[in-house]
Amino acid sequence: MPELPEVETIRRQLKKAILNKKITKVEVLSKKQFPQNPKLVVGKIIIAVERRAKLLIIKLTHQKNLIIHLKLSGQLIWQSNPPAGGQKIKLKRVIPTVGEFLPSKSTRVILTIGRGKLFFNEMRKFGWIKLLTNVQLDKELQKYGIEPFRKDFDQKSFAKALTNTRRPIKTVLLDQEKIAGIGNIYANESLYLSKIHPAMPANTLNAKQVNGLRENIIKVLKLGLKYGGASDEYYIHPDTTRGTYQNHFSVYGKSGESCRKCRSIIKRISLGGRGTYFCPGCQKAE
DNA sequence: AAGATTGTTGCTTA
DNA sequence: TTAAGCAACAATCT
């Protein structure tokens with residue numbers, strides 16, 4: 001699933017492809033994924049490509065912003081030289097859930113930008129693209145918590161985010177209003193590195209654990225970025241290549257395998273209704 | 001074939 | 001009053 005490193009990787013690639021280009025056509029194949037009037041975007045020029053939390057923000061002229069949430073299975077695929085006319089685009093390689101041609105059965109929106117086309121695919125129809133004014137965008141972004149790569153993600157602010165809640169630390173890490181951009185993969189991996197049991201109530205972590213976890217969150221997110229994100233399931237880059245962080249997981253999706261540090265068997269439990277992976281040997285509940 | 005899975009929202013419960 | 005728990009969403013896999 002696209003989390004901070006995955007969305008950031010897409011942002012960097014996409015920026016190179018579409019910055020300063022004009023949107024000339026918007027094709028909405030699934031209204032739920034693009035509820036607003038697509039005509040409001042046509043003719044606008046892309047002046048910035050930004051990210052906040054797991055949101056991709058495409059800033060346009062006339063104070064308009066396209067906000068994209070990829071949710072569980074969203075993909076953004078860029079084709080710089082699509083064939084003229086309406087025929088399907090044949091891809092160089094077969095991509096899982098996409099197949100060999102674009103648009104595919106999971107394509108929900110197609111943006112024509114300059115000479116290229118940007119395909120928004122989302123198999124499950126949870127993801128969306130919204131059009132917001134600058135004022136609406138500011139308001140929307142306010143509800144998100146600390147951005148892990150910013151300087152203000154320090155020990156003090158992180159400790160504050162963890163007080164006053166007895167929820168499991170793993171659940172709090174996934175709470176976008178507390179910390180922005182962490183999903184299931186990076187929550188599990190950062191807790192493993194920190195030797196903290198995922199079910200520990202957040203307000204029972206001591207200062208050393210809080211700071212260790214903070215440092216390891218930054219560490220795993222940077223590692224994810226280094227490998228171009230985790231193409232564990234549906235995530236791919238705009239150029240259709242895959243990230244490789246999935247080859248470096250310590251616990252995520254590894255129940256039944258042995259821990260690389262202590263040889264204990266990785267366990268899977270459910271917290272907040274979500275799959276949670278940890279090493280019972282390394283991650284003790286105190 | 002019913003149930004689990006997944007991130008987020010919005011409703012219900014405590 | 002507010003935190004916490006959970007159904008719902010869509011599609012796929014088991």
Side-chain angles (χ1 to χ4, degrees), chain A residues 1-8 10 28-35 51-57 67-76 94-99 103-109 120-130 132 136 139-145 147-148 160-191 198-204 217 221 224 229-236 243 245-246 249 251-256 267-277:
Chain A
M1 59 225 89
E3 308 179 24
L4 190 155
E6 286 76 27
V7 179
E8 179 63 19
I10 290 174
V28 178
L29 284 67
S30 171
K31 190 105 205 303
K32 193 182 164 221
Q33 271 47 66
F34 195 119
R51 179 196 58 76
R52 170 87 167 101
K54 301 173 191 171
L55 293 174
L56 195 69
I57 302 162
I67 317 302
I68 305 174
H69 200 307
L70 300 169
K71 288 288 177 87
L72 303 167
S73 59
Q75 302 168 325
L76 287 168
V94 176
I95 303 164
T97 81
V98 176
S104 72
K105 66 170 183 177
S106 66
T107 301
R108 310 304 177 192
V109 181
F120 176 53
N121 287 1
E122 225 277 303
M123 185 187 69
R124 290 196 175 91
K125 291 188 174 174
F126 283 1
W128 42 254
I129 303 179
K130 284 188 220 172
L132 300 181
Q136 289 170 323
K139 199 175 172 189
E140 175 91 12
L141 297 184
Q142 268 173 21
K143 58 185 180 193
Y144 287 93
E147 201 51 54
K160 194 183 168 195
L162 302 184
T163 52
N164 301 325
T165 180
R166 296 168 179 279
R167 287 144 84 211
I169 181 61
K170 155 79 178 342
T171 305
V172 178
L173 291 183
L174 296 179
D175 183 343
Q176 301 300 302
E177 294 182 19
K178 299 275 187 183
I179 312 134
I182 299 174
N184 216 5
I185 291 170
Y186 298 92
N188 283 296
E189 293 294 320
S190 61
L191 286 167
M200 263 188 85
N203 61 355
T204 64
I217 286 169
L221 291 175
S231 291
D232 192 39
E233 292 184 274
Y234 310 104
Y235 165 76
I236 51 170
Y245 182 52
Q246 68 279 9
F249 290 166
V251 288
Y252 183 79
K254 294 203 174 292
S255 42
K267 265 186 83 174
R268 182 190 187 281
I269 57 172
S270 185
L271 287 179
R274 292 292 166 262
T276 303
Y277 304 88

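Just so we're on the same page: letters track the sequence lines, and every chain starts at 1.
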Which nucleotide in [options] has an atom nearest any side-chain atom of [X]:
{"X": "Met1(A)", "options": "dT9(B), dT8(B), dT6(B)", "answer": "dT6(B)"}
{"X": "Lys32(A)", "options": "dC9(C), dT9(B), dG7(B)", "answer": "dC9(C)"}
{"X": "Arg167(A)", "options": "dA4(C), dT8(B), dT5(B)", "answer": "dA4(C)"}

On the nucleotide [N], are OP1 or OP2 found under 4.0 Å from the side-chain N or O atoms that [X] carries?
{"X": "Lys71(A)", "N": "dT6(B)", "value": "no"}
{"X": "Gln176(A)", "N": "dG7(B)", "value": "no"}
{"X": "Arg274(A)", "N": "dG7(B)", "value": "yes"}
{"X": "His69(A)", "N": "dT8(B)", "value": "yes"}
{"X": "Arg124(A)", "N": "dC13(C)", "value": "no"}
{"X": "Lys54(A)", "N": "dT8(B)", "value": "yes"}

Quiz item: According to the 5.5 Å centroid and 30° plane-angle thresholds, does Phe126(A) stack upon the nucleobase of dC9(C)?
Solution: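 According to the criterion (under 5.5 Å, under 30°), yes, Phe126(A) stacks.
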Report which part of the nucleic acid [X] touches: base, sugar-phosphate, or nothing (heavy-atom distance under 4.0 Å, all strands).
{"X": "Thr165(A)", "result": "sugar-phosphate"}
{"X": "Gly275(A)", "result": "sugar-phosphate"}
{"X": "Glu233(A)", "result": "nothing"}
{"X": "Arg166(A)", "result": "sugar-phosphate"}

Between [N] ([atom2]) and [X] ([atom1]): distance, integer Å:
{"X": "Glu122(A)", "N": "dT12(C)", "atom1": "CD", "atom2": "P", "result": "11 Å"}
{"X": "Ile67(A)", "N": "dG7(B)", "atom1": "CD1", "atom2": "P", "result": "21 Å"}
{"X": "Tyr235(A)", "N": "dG7(B)", "atom1": "OH", "atom2": "C1'", "result": "17 Å"}
{"X": "Arg268(A)", "N": "dT14(C)", "atom1": "CZ", "atom2": "P", "result": "14 Å"}
{"X": "Ile169(A)", "N": "dA4(C)", "atom1": "CD1", "atom2": "P", "result": "12 Å"}
{"X": "Lys143(A)", "N": "dT9(B)", "atom1": "NZ", "atom2": "C1'", "result": "9 Å"}
{"X": "Leu162(A)", "N": "dA4(C)", "atom1": "CG", "atom2": "P", "result": "12 Å"}
{"X": "Glu3(A)", "N": "dT6(B)", "atom1": "CD", "atom2": "P", "result": "11 Å"}

Quiz item: Salt-bridged, Glu6(A) to Lys54(A), with N to O below 4.0 Å?
Solution: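 So Glu6(A) does not pair with Lys54(A) through a salt bridge.
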Practice problem: Give a yes or no on whether a salt bridge exists between Glu8(A) and Arg51(A), defined as a side-chain N under 4.0 angstrom from a carboxylate O. | Solution: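 Yes, charged N to carboxylate O under 4.0 Å.
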Would you call [X] and [Y] a side-chain contact if the rule is heavy atoms closer than 4.5 Å?
{"X": "Phe120(A)", "Y": "Ile68(A)", "answer": "yes"}
{"X": "Asn184(A)", "Y": "Lys170(A)", "answer": "yes"}
{"X": "Arg268(A)", "Y": "Thr276(A)", "answer": "no"}

Exercise. Not counting sequence neighbours, which residues clear ring-ring contact (aromatic ring centres under 6.0 Å, His included) with Tyr245(A)? List them please.
Key: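 ring-ring contact (aromatic ring centres under 6.0 Å, His included) check on Tyr245(A) returns Tyr186(A), Phe249(A).
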Nucleotide N/O of nucleotides 10-12 of chain B paired with protein N/O under 3.5 Å:
none

Quiz item: What's the verdict on side chain to side chain donor-acceptor pair (under 3.5 Å) for Gln246(A) and Ser231(A), showing C-alpha distance, side-chain angles and the deciding distance?
Solution: CA-CA 6 Å; Gln246(A) 68 279 9; Ser231(A) 291; 4.8 Å; no
Quiz item: What's the spacing between Leu72(A) CG and Glu122(A) CD if we round to 0.5 Å?
Solution: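 Those atoms lie 6.5 Å apart.
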